[in-house]
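Below is one structure, written out as structure tokens; comments come after it.
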Amino acid sequence: MLRTEFVRFLLVGATNTAFSYVIFVLLYTLMHHQHYQVAYAIAYAAGIVLSYFLNVHFVFRARRSLASFLKFPFVYLVQYGLGALVLGLLVRAGLDPRLAMVGVIGVTIPVTFLASRFVLKK
């Protein structure tokens, strides 16, 4: 079961990444190539909302609740903080940031999966 959930989690992650990218590009274009940070923030927030619903229904098959919806963004705060920490450590250890990012992804995906599972299946 855990393995199946993880595979579904990876599929949702790929879908969510593509969705967020499309939203970013559309907003960036609508803003006449200005305010890319605003476009990024809106696309990132939209991605968190989509991720919540896809993870609840498709990955973990859990019940939606206001409490889990409000807790879910903290999963992404943890992911960001951990990613920044690992990236910094790997770069200080001498890895090129582009290669270090691969390590960040390898560390954060399982942690994000477990944190999402904890928040949504509680």
Side-chain angles (χ1 to χ4, degrees):
M1 176 157 175
L2 194 63
R3 186 177 191 180
T4 304
E5 284 179 344
F6 189 69
V7 169
R8 290 192 307 248
F9 180 80
L10 293 175
L11 290 171
V12 162
T15 301
N16 191 51
T17 300
F19 169 81
S20 297
Y21 180 74
V22 168
I23 295 298
F24 171 77
V25 170
L26 288 173
L27 290 171
Y28 180 67
T29 302
L30 289 172
M31 294 176 182
H32 306 287
H33 300 96
Q34 299 172 7
H35 311 293
Y36 62 89
Q37 290 290 4
V38 173
Y40 176 69
I42 293 169
Y44 193 80
I48 291 172
V49 172
L50 178 65
S51 180
Y52 172 78
F53 287 103
L54 290 177
N55 277 294
V56 164
H57 293 291
F58 181 67
V59 177
F60 301 112
R61 299 191 171 130
R63 297 183 83 192
R64 276 190 330 247
S65 73
L66 182 59
S68 67
F69 181 74
L70 294 175
K71 290 180 201 172
F72 195 69
F74 290 104
V75 169
Y76 285 89
L77 287 175
V78 169
Q79 176 194 48
Y80 180 83
L82 178 62
L85 175 69
V86 171
L87 183 61
L89 291 171
L90 293 175
V91 169
R92 276 189 230 97
L95 280 178
D96 181 285
R98 293 168 293 190
L99 183 57
M101 194 60 195
V102 174
V104 168
I105 292 167
V107 170
T108 59
I109 286 176
V111 171
T112 303
F113 170 74
L114 293 172
S116 297
R117 191 171 199 277
F118 177 76
V119 168
L120 298 176
K121 289 200 99 164
K122 222 175 160 189

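Proximity of Val12 to Phe58: side-chain heavy atoms (C-beta onward) are separated by under 4.5 Å at one or more points.
Phe24 and Tyr21 have tilted rings, their planes meeting at an angle from 30° to 60° on a 0 to 90° scale. Aromatic ring orientation, Phe69 versus Phe53: tilted (interplanar angle from 30° to 60°).
The CG atom of Leu90 sits 8.5 Å away from atom CG of Leu99, with the distance rounded to the nearest 0.5 Å.
For Lys71, there are no side-chain hydrogen bond (donor to acceptor under 3.5 Å, both in side chains) partners at least two apart in sequence or on another chain. Taking the ring pair (Phe, Tyr, Trp, His ring centres under 6.0 Å) definition, one finds that Tyr36 meets it with nothing, sequence neighbours left out.
In this structure, the ring of Phe60 has its center less than 6.0 angstrom from the ring center of Phe113.
Heavy atoms from other residues, nucleotides or ligands lying under 6.0 Å from NE2 of His32 number 12 at most. Remark: Tyr40 OH is loosely packed, at most 12 non-hydrogen atoms of other residues, nucleotides or ligands lying under 6.0 Å away.
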Tyr52 vs Val49, side chain to side chain contact (heavy atoms under 4.5 Å, CB included): CA-CA, chis, key distance, verdict: CA-CA 5 Å; Tyr52 172 78; Val49 172; 5.7 Å; no
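Of all heavy-atom pairs spanning Arg63 and Ser68, the tightest one is O-OG, 4.3 Å.
Linking ILVMFWY residues whenever their side-chain heavy atoms come closer than 4.5 Å, directly or via other members, places Tyr76 and Leu10 in the same cluster.
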